[in-house]
K.L.:
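The structure that follows is given in the form of structure tokens.
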Amino acid sequence: MTRIAGNRSLHSPGPTHVPDEVLNAMHRQPLDHGDARLGETIEAIETGLKRLLQTKEGEVFMFASNGHGAWETTIVNIIAPGQAALIPGTGHFSEQWAVQTEGCGRKAVRTPFKEGYPADPNDIEKALRADTKREIAAVFAVHTDTASSTTNDLAAMRAAIDASGHPALFVVDVVASLAAAPFAMDDSRANVVVGASQKGLMSPPGLGFVAVDQLAREVAAANPAPRYYWDWKRRQASYSYNKFCGTPPQNLLFGIEAALELLFREGLDQVFARHALLSSAVHAAVECWSREGVISFHCRVPESRSVSVTTIEMAKGYDPEAMRSVARERFQVAVAGALGPQTGKAFRIGHLGDLNAPMILGALAGVEAAMTVQGIPFGRDGVQQAVACLAKG
Ligand SMILES: *Cc1c(COP(=O)(O)O)cnc(C)c1O
């Protein structure tokens, strides 16, 4: 293989760039099952995730899995056979969660998804009021839908559940917003929170987790559906081997412990402020690129645009996939493709995790270079606008 000098930049919305401190923490021999140091790492992660999620109520259960595993453990513990999950339409990820719920033999009730807009909380209230038979056991809400790059209003969703008088649990997927956008489990009155390692948590893929409050633990305990690996009761063991229902993903855990330390050392407020600033720089560039009428924001509501990822549409006749190839192979900037109905019509710039100003400027410049090569018309001052935004701070 030919050598490519310098860094290759990864700007997908997960997996994200992994800091050296995290890679170095993973570079060690595994421990034997009885070694107390492993228990200490697991405890540090449980404590750290609770602090990150801002919960005293929630207990953290971890799985050697990706985010889909964390979805599945929520489905099989919370939704008894014959019951349903209400899934507000936020984009491709809400749809996939609904499909997985049905794949597990449970019902999924969907609220309509309008491309480019966040979920409408009124639809949640309406669907819950219509559920007179009380089939719906939980509302599965995606905080930031990584496909539509739209962040949904959790407070409004919670208020809609309350207004309906329905006892459904509130389950929130923060896979793409954790450690990027402010979120507090207890203040949001979320009963279950779903996360994974490879996005804002700055770690390699392979760990899914949930935080579960007491009410949700009681609902799960009363659910007769057979389950084993995903069962939350099993996760309440003290011995690490039992807690993971087998060998824990040790080296990944060492990495996540280090990643949490980095987040707390930077300070969560600073982490959120950094994401807000870097995303506003990306938005300033996209706004500028849009001037020629070919490039446009997928999310039509500026205040709902995510701090983690931006989905950028390209007019008919232009090929975002070809542009992405040029960006990756010639300019060493990897951006993501679009998902679901947007496939082939848009691309996505991930801007979450271990990221700073020169990295995001490099990504924007790489995309501009690739669009130039491909003859895609765009407003020329994008990087300049991003610089101006960063300079203001
Ligand atoms: C990435 C993502 C998932 C799925 O995570 P995997 O680790 O790819 O299974 C779920 N929900 C959201 C919002 C995501 O961004």
Side-chain angles (χ1 to χ4, degrees), residues 10-18 49 53 61-76 85 87-101 103-104 108 110 113 118-119 138-154 157 170-181 183 185 188 190 192-211 229-230 249 252 255-256 259 275 279 298-299 304-311 334-340 342-343 346-353:
L10 176 61
H11 291 274
S12 91
T16 63
H17 180 258
V18 178
L49 286 176
L53 293 167
F61 306 137
M62 295 184 271
F63 301 84
S65 81
N66 54 21
H68 281 71
W71 273 353
E72 184 136 337
T73 192
T74 304
I75 297 163
V76 299
I87 308 185
T90 61
H92 178 71
F93 281 86
S94 68
E95 179 54 28
Q96 289 309 111
W97 205 355
V99 167
Q100 194 167 336
T101 300
C104 292
R110 296 158 169 86
F113 168 54
V139 176
F140 287 177
V142 178
H143 187 201
T144 293
D145 193 299
T146 324
S148 63
S149 72
T150 304
T151 295
N152 293 280
D153 185 345
L154 294 178
M157 287 179 161
F170 187 35
V171 177
V172 180
D173 170 338
V174 297
V175 175
S177 53
L178 184 68
F183 171 76
M185 178 176 174
S188 308
V192 181
V193 174
V194 175
S197 55
Q198 79 274 21
K199 299 187 183 179
L201 215 44
M202 314 186 292
S203 302
L207 194 91
F209 58 87
V210 289
Y229 183 81
W230 300 116
L252 182 55
I256 293 170
H275 280 84
S279 60
H298 176 66
C299 180
S304 300
R305 284 174 193 153
S306 159
V307 298
S308 302
V309 53
T310 301
T311 305
V335 295
L339 300 169
Q342 292 299 312
T343 304
F347 66 100
R348 297 176 300 151
I349 300 178
H351 35 81
L352 80 165

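Along the sequence shown, residues carry numbers from 1. Just so you know, ligand 1 is whichever comes first in the structure, and atom 1 is the first atom listed for that ligand.
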K.L.:
So which heavy atom in the protein is nearest atom 11 (N) of ligand 1, and how far is it from that ligand atom?
P.N.:
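Protein heavy atom with the smallest distance to atom 11 (N) of ligand 1: D173 OD2, 2.7 Å.
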K.L.:
So, for T90 and A119, which heavy atoms are closest and what is the spacing to 0.1 Å?
P.N.:
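Closest approach of T90 to A119: CG2-CB, 4.0 Å.
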K.L.:
Report the nearest protein non-hydrogen atom to atom 5 (O) of ligand 1: residue, atom name, distance rounded to 0.1 Å.
P.N.:
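The closest heavy atom on the protein side is G67 CA, 3.5 Å.
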K.L.:
Quick test: of every protein heavy atom, which one is nearest to atom 2 (C) of ligand 1, and how far off is it to 0.1 Å?
P.N.:
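Here the closest protein heavy atom is K199 NZ, 2.5 Å.
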K.L.:
Return the residue, atom name and 0.1 Å-rounded distance of the protein heavy atom closest to atom 4 (C) of ligand 1.
P.N.:
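Answer for atom 4 (C) of ligand 1: H68 ND1, 3.7 Å.
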K.L.:
To the nearest 0.5 Å, how far apart are CH2 in W97 and CD1 in I75?
P.N.:
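With rounding to 0.5 Å, CH2 (W97) is 7.5 Å from CD1 (I75).
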K.L.:
CG/L352 to NE2/H275 distance, rounded to the nearest 0.5 angstrom?
P.N.:
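Rounded to the nearest 0.5 Å, the CG-NE2 separation comes to 5.0 Å.
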K.L.:
Which pair of non-hydrogen atoms, one from F93 and one from V142, has the smallest distance, and what is that distance?
P.N.:
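Looking at all heavy atoms of both residues, the closest pair is C-CG2, 4.3 Å.
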K.L.:
Polar-atom distance check: V175 versus ligand 1, any N or O pair below 3.5 Å?
P.N.:
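Checking ligand 1 against V175, no N or O pair falls under 3.5 Å apart.
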K.L.:
So if I count the atoms of ligand 1 from 1 in the order they appear, which ones are less than 4.0 Å from some heavy atom of A176?
P.N.:
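Reading through ligand 1 atom by atom, the close ones are 15 (O).
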K.L.:
How close does the nearest protein non-hydrogen atom get to atom 3 (C) of ligand 1, and which residue and atom is it?
P.N.:
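Here the nearest protein heavy atom works out to F93 CE2, 3.6 Å.
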K.L.:
Nearest 0.5 angstrom please: Y229 OH to S65 OG, how far?
P.N.:
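The OG atom of S65 is 6.5 Å from OH of Y229, to the nearest 0.5 Å.
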K.L.:
Does a side chain donor of either H143 or S177 reach within less than 3.5 Å of an acceptor in the other side chain?
P.N.:
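A donor-acceptor contact under 3.5 Å links the two side chains.
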K.L.:
Any idea which protein heavy atom is nearest atom 15 (O) of ligand 1, and the distance to it?
P.N.:
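Protein heavy atom with the smallest distance to atom 15 (O) of ligand 1: T146 OG1, 2.3 Å.
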K.L.:
Does an N or O anywhere in T144 fall below 3.5 Å from an N or O of ligand 1?
P.N.:
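T144 vs ligand 1: no N/O contact under 3.5 Å.
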K.L.:
Do ligand 1 and D145 have nitrogen or oxygen atoms that lie under 3.5 Å from each other?
P.N.:
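In fact, backbone or side chain, D145 has no N or O that close.
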K.L.:
Say whether S149 and T311, considering side chains only, have a donor N or O and an acceptor N or O under 3.5 Å apart.
P.N.:
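There is such a pair (donor and acceptor under 3.5 Å, judged by atom type) between the side chains of S149 and T311.
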K.L.:
For ligand 1, is any non-hydrogen atom under 4.0 Å from W97's backbone (N, CA, C, O), its side chain (CB onward), both, or neither?
P.N.:
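Looking at W97 and ligand 1, no heavy atom falls under 4.0 Å.
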K.L.:
Which residue and atom name correspond to the protein heavy atom nearest atom 8 (O) of ligand 1, and how close is it?
P.N.:
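Of the protein heavy atoms, Q198 NE2, 3.8 Å lies nearest.
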K.L.:
Report the distance from atom CD of Q96 to atom CH2 of W71, rounding to the nearest 0.5 Å.
P.N.:
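With rounding to 0.5 Å, CD (Q96) is 6.5 Å from CH2 (W71).
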